[in-house]
Protein chains: 2
Amino acid sequence: MLAGKARMLDVARLAGVGTMTVSRVLNNSAPVSPQTRERVQQAIKKLNYRPNPFARSLRQARSNSIGIIVPNFYDPFFATCAHAISLVAKQRDYTVTVATSDEDAQFEFTEATLMVLNRVAGLAVIPAAMGKNQLHRPEFRTTRIVMLDRPIEGQRFSSVLVENRSGSHAAVKHLLDHGHKVIQFLGLSEKLYTLNERYRGYASAMCEAGLTPSEHFTCRTMEETCILIRKAISGRQPPTAFFLGNNLVTRNALHAFSQLKIKISDDVAIIGFDDFDMADIFVPAITVVRHPAQELGRVAAELLFEQLARKKVARSKEQVVLPVELVIRQSCGCNVETRMP
Amino acid sequence: MLAGKARMLDVARLAGVGTMTVSRVLNNSAPVSPQTRERVQQAIKKLNYRPNPFARSLRQARSNSIGIIVPNFYDPFFATCAHAISLVAKQRDYTVTVATSDEDAQFEFTEATLMVLNRVAGLAVIPAAMGKNQLHRPEFRTTRIVMLDRPIEGQRFSSVLVENRSGSHAAVKHLLDHGHKVIQFLGLSEKLYTLNERYRGYASAMCEAGLTPSEHFTCRTMEETCILIRKAISGRQPPTAFFLGNNLVTRNALHAFSQLKIKISDDVAIIGFDDFDMADIFVPAITVVRHPAQELGRVAAELLFEQLARKKVARSKEQVVLPVELVIRQSCGCNVETRMP
DNA sequence: CTGAAAGCGCTAACAC
DNA sequence: GTGTTAGCGCTTTCAG
């Protein structure tokens, strides 16, 4: 028998009960006697019955589906988060609809609106960096939303973040322990919450060591980064180490160093925030602060489902902050022996 | 006025028409006089009316949503394809639900079934490599499905592929032009369609040059790859160049070369299939055959929507094959000058 | 514990 | 061109 053809009425007839009893067995929404339940389940199996999700959603005015909005899918970090969220959703028999904001709060708003019109049960969002966030608008008042990676200021939304500051602090401390005195922070944009936090972690470590922080926040392209680094290197107090704010900055910086014939860990030491696929293969292997991307998605999804289980939209916002890990390889100056098979 | 509160009846009353007229204006499903249409549109706007997607789907027995199934999201190639598909879907006012198969045909089947039960209008799939494909089963007879990147043998499904053979042929030809005589092919698995095709392209180029192909198809881990390469290098006819079947193999091989202290382009030349994020930053920069991942997703999505527009499920299968591009950098032995900003 | 009736919001089919 | 009727398949409500 083909799935999706039988209706609830067919099941009810075969089991010799009313449709409501079938519905109750399916949803555990009211007690059903064990014998009746058994008969109904037999009938369901026999007919290969599956409830029609639209009829159900139409009646209940909400679907068994959650929405995910991330800036893009190119950044493996975002892709990994999205994947982790969808794993949890699958586990709970929810489907997932996805959309990307391209870091634009306006697009994010459009996508979120569309999802709400499609009656998603809730939303998991990595908020767009550009523009004014719109998710606090009244039309989302009744929508459960959880933020990942970046919080939204002064709002009701729960969020799951990572230890940006302490992670950066530890990384910079490691560079200081290697004897570096002039360490520069390279960021992507002042608009990004994570970059700002990481800068603070960096700055506090520098200050504690009695050193002056120095930063460039605009490593958006390889060209820009190259120019910035060249200028820094040829200055009066050339940095002997760099702390790179995220994987995009790391990418740009690596390119710049190669262009400028600067040898990493001979000429300068570096540590990046956010691990990436080739970090351990690079020569020298790049020391990084590792983001628990998978965990971030998982926890956010669980938080969302927790909220869905509650009757009312929560007024209080929860914040979960996940630990990060300093993965020491070679670019920091450590001489870690690499394994030979 | 909050969206999603007004019903079609409210609009009809305000406009002084029947609900069917509203429906017709909304769907362009039948002619409506300009004046009436105008009145209806005014009412829609005034009430901020949005049709209820569930009621619509319930009635039409299908949703305005397509499903995407890819092996995983970690591989940027898959993520990019998925993104490109969802862009097209958005353009056509379709929502997208996603799922991953983990390269397992059984999981793929489960996810596809779930999506069909959720009445997706169609499916875009990068078929799982492991296990016997299940998408030809009768329960999918009425489902529009388009395959990307990998076809399914002898089935009714349209697919969008890339020029695996000729791309590989060109890459190997390039290595031959550099004077290499012993070139080895490194693959990931014989189970992967793409790897097999690329091997054929490699082999034909070798044969045409009067040389013997030589391959290893099991570069699944860095350790395995390392052992294979070491053995090859220390053999009687050590390869002076390698052609790497996909980005995972390239990754493993790069790791192995670094472990074995083999200098790329000094000791051996390499070309990889599939561009990757750090390829141009590596020292030396890696020459690759570039996959048009974005294009692949776009074309597949358009093919799918074309099929959706047709009344009946197409019996004939179409195949689109997209060109690839040899991106010459340095690992092949070319001395391409890198730009300085 | 169980069932019958009503109706969620929309559109196909048929009037006019 | 337009309106009326019926019903998609389910669950809420209320009555037993």
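Chain naming here is simple, since letters A, B, ... match the order of the sequence lines and numbering starts at 1 in each.
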Geometric class of the B:H291/B:F77 ring pair [parallel <30°, tilted 30-60°, perpendicular >60°]: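 Ring orientation of B:F77 relative to B:H291: parallel.
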Does the plane of the ring in B:F305 sit parallel, tilted or perpendicular to the ring in B:Y94? Use 30° and 60° as the thresholds.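 Ring orientation of B:F305 relative to B:Y94: perpendicular.
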Measure from NZ or CZ of B:R137 to the centre of the six-membered ring of B:F109, then state whether that distance is under 6.0 Å and the direction lies within 45° of the axis.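 B:R137 over B:F109 ring: yes.
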For B:T21 and D:dG3, is the shortest distance between a side-chain N/O and OP1 or OP2 below 4.0 Å?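 Checking B:T21 against D:dG3: at least one side-chain N or O falls below 4.0 Å of OP1 or OP2.
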Atom [atom1] of [X] and atom [atom2] of [N]: how far apart are they, to the nearest Å?
X      : N      : atom1 : atom2 : result
B:N118 : D:dG9  : CG    : P     : 16 Å
A:R13  : C:dG3  : CZ    : C1'   : 14 Å
A:D10  : D:dC8  : CG    : P     : 11 Å
B:L117 : D:dC10 : CG    : C1'   : 16 Å

Ignoring hydrogens and angles, state whether a donor on the side chain of A:R37 or A:N28 is under 3.5 Å from an acceptor on the partner side chain.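 Present: a donor and an acceptor within the cut-off.
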Ignoring hydrogens and geometry, is there a side-chain-to-backbone donor-acceptor pair from A:D10 to A:A6 under 3.5 Å?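 No: the side chain of A:D10 does not pair with the backbone of A:A6.
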Say whether, by atom type as modelled, one donor and one acceptor occur between the side chain of A:E108 and the main chain of A:A128 under 3.5 angstrom.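 Here the side-chain-to-backbone pair exists.
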With the sugar-phosphate defined as primed atoms, P, OP1 and OP2, and the base as all remaining atoms, what B/S/- string results for nucleotides 9-15 of chain C, 5' to 3', for protein heavy atoms under 4.0 Å? BBBBB--
